[in-house]
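Order of the sequence lines sets the chain letters (A, B, ...), proteins ahead of strands, with each chain counted from 1.
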Number of protein chains: 2
Amino acid sequence: MDGTPNIARIGTLLGDNTRARMLTTLMHGKALTASELAREAGVTAQTATSHLAKLQSGGLLTLRKQGRHKYFALANEEVATLLETLMGLSNDDRSLETLTGPRDAAMRHARVCYNHLAGNKGIQLHDSLLASKALVLSNGNLTLTDSGQSFMQEFGIDLQALKASRSPLCRECLDWSERRSHLAGSLGRALLAQFERLKWVKRDPGSRVITFSTKGERAFNQTFVTAE
Amino acid sequence: MDGTPNIARIGTLLGDNTRARMLTTLMHGKALTASELAREAGVTAQTATSHLAKLQSGGLLTLRKQGRHKYFALANEEVATLLETLMGLSNDDRSLETLTGPRDAAMRHARVCYNHLAGNKGIQLHDSLLASKALVLSNGNLTLTDSGQSFMQEFGIDLQALKASRSPLCRECLDWSERRSHLAGSLGRALLAQFERLKWVKRDPGSRVITFSTKGERAFNQTFVTAE
DNA sequence: GGAATGCTTCGACTACGATCGAAGTATGGA
DNA sequence: TCCATACTTCGATCGTAGTCGAAGCATTCC
């Protein structure tokens with residue numbers, strides 16, 4: 001009853017480099033086939049089969065079959081949140097000093113985390129919505145205010161569709177690089193999709209990096225203002 | 001650079017029943033000796049030595065020596081938060097149905113999580129402070145307002161001492177049983193200590209259960225009011 | 001239907017890690 | 001100083017889990 005079995009169970013699932021690699025590969029929020037994941041993790045198909053079965057039965061991945069293809073994705077946002085948390089744990093000053101290269105700066109600036117915006121820009125989005133009172137913490141939950149709903153509709157977000165889905169509208173997700181929350185949930189995902197439609201950002205197919213265009217970054221900064 | 005090694009590293013640490021048991025035993029926030037942890041986990045001293053060394057070098061536990069005694073505690077609140085998150089993951093409807101007995105209800109009602117109040121009562125505390133504007137979410141951080149500071153001083157919390165420490169004042173900690181945030185940080189810990197001083201609650205030395213006295217629960221409910 | 005491709009199953013191998021008996025070191029108290 | 005206790009080290013054992021070659025099943029396409 002004390003949660004020990006669950007901790008050990010999930011810890012075991014995570015505590016293998018091949019499986020961890022598969023999970024982080026799926027952090028962008030899309031689904032990949034078993035073969036793609038095998039290649040990404042650098043193992044044979046049979047090894048991948050074994051690992052993926054464990055992750056699926058363990059509740060960390062979902063499976064969708066299309067003919068001979070099996071598409072795996074992270075089971076839910078909670079799994080993504082857990083992975084971001086683990087990435088950040090003990091990611092203290094020493095580890096940060098070992099991070100080099102522009103790619104890591106790009107990841108810090110803006111990256112995709114289960115289809116929503118993370119990194120500095122994700123934090124900015126979250127903070128701006130709170131500062132402008134579009135979002136408030138009500139009864140311990142992030143809630144979209146009336147003015148926030150108006151804002152989102154003007155911005156092109158179909159709130160009716162979002163509310164119709166079972167998925168929570170607003171959730172907080174602890175950001176790995178920034179150690180603060182960014183906006184997750186169906187709203188967070190819808191916003192990132194809208195940024196893409198507006199051509200403000202592009203997603204890198206081979207990584208989680210999100211690249212802002214010059215115009216996009218300016219527009220984003222004008223739309224989502226923070227105190228600093 | 002993608003966090004995979006950290007995930008696997010920590011997953012490996014957590015993915016052993018003995019170590020998981022040790023970690024959950026330390027969730028109350030106190031320090032225990034190596035021998036106590038060995039007994040709690042049901043292993044010999046030599047096995048415990050090996051595990052504890054791993055947990056310490058892995059950054060999950062801290063060590064303080066007192067003569068021949070070695071006291072281990074969770075390294076920080078982030079570790080406690082991670083453990084609560086893992087306890088809750090996949091703790092879905094099916095698992096809830098298997099939970100039986102008064103003890104589990106007691107854990108849900110009020111329990112200690114790294115020295116702060118968790119469970120229903122922890123949620124109530126958090127929500128009440130937000131509803132009364134004693135706490136607000138400012139720049140993505142939980143912040144104590146001026147009126148909140150006044151309230152705390154009247155309630156008997158030494159805010160000067162709390163601010164003098166390096167520890168964050170307010171932090172959110174995702175609650176295992178309730179799937180919402182309760183108040184962590186040095187303020188959360190100070191509040192629980194005050195509840196004890198006021199004899200509102202008692203801690204069970206052998207578990208994480210916190211028991212409210214009749215008077216204590218009434219006083220708590222009157223002091224920390226929520227919308228429902 | 002046959003070939004190609006995606007994925008699975010089987011079985012063997014090997015590395016690894018938890019465990020504890022035995023022995024040792026360090027500390028505290030009488 | 002001696003004894004008791006807390007903890008550590010060493011080495012051996014054994015169970016487990018990741019891995020892949022070989023073979024097989026399922027799907028798709030020409």
Original post:
Quick one: salt bridge (charged side-chain N to carboxylate O under 4.0 Å, His left out) pairs with a partner in residues 53-62 of chain A, sequence neighbours left out?
Top reply: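 Passing the test, one end in residues 53-62 of chain A: no pairs.
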
**OP:** Quickly work out the A:His69 NE2 to D:dC29 C1' distance and round it to whole Å.
**Re:**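 That distance rounds to 12 Å.
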
Subject >> Distance, rounded to the nearest Å, where A:Arg64 contributes CZ and D:dT27 contributes C1' >> reply: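 My rounded result for the distance is 17 Å.
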
Original post:
How does each nucleotide of nucleotides 9-20 of chain D score, in 5' to 3' order, for protein heavy atoms under 4.0 Å: base (B), sugar-phosphate only (S), or none (-)?
Top reply: B--------SSB

Which residues satisfy the side-chain hydrogen bond (donor to acceptor under 3.5 Å, both in side chains) test with [X], sequence neighbours excluded?
X	answer
B:Ser50	none
B:Asp16	none
A:Glu40	A:Arg21
B:Thr44	B:Thr47

**OP:** Sorted by first residue and then second, give each ring pair (Phe, Tyr, Trp, His ring centres under 6.0 Å) pair with at least one member in residues 38-84 of chain A; sequence neighbours left out.
**Re:**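 Passing the test, one end in residues 38-84 of chain A: no pairs.
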
Can you name the atoms? Protein N/O to nucleotides 1-4 of chain D N/O, anything below 3.5 Å, with the distance.
none

Subject >> Heavy-atom contact window of chain A on DNA chain C, given 5' to 3' at under 4.0 Å >> reply: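 Range of nucleotides within reach of chain A: C:dA4 to C:dT9.
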
Subject >> Within residues 30-41 of chain B, residues whose heavy atoms come under 4.0 Å of DNA chain D >> reply: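 Of all residues in residues 30-41 of chain B, the ones placing a heavy atom under 4.0 Å from DNA chain D are B:Thr33, B:Ala34, B:Ser35.
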
**OP:** State, to the nearest 10°, the angle formed by the axis through the first five base pairs of the helix from C:dG1-D:dC30 to C:dA30-D:dT1 and the axis through its last five.
**Re:**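 It comes to 20° between the two terminal axes.
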
Original post:
Got a sec, which pairs hit side-chain hydrogen bond (donor to acceptor under 3.5 Å, both in side chains) with one end in residues 159-169 of chain B, sequence neighbours left out?
Top reply: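 For residues 159-169 of chain B: B:Gln149-B:Lys163, B:Ser167-B:Arg189.
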
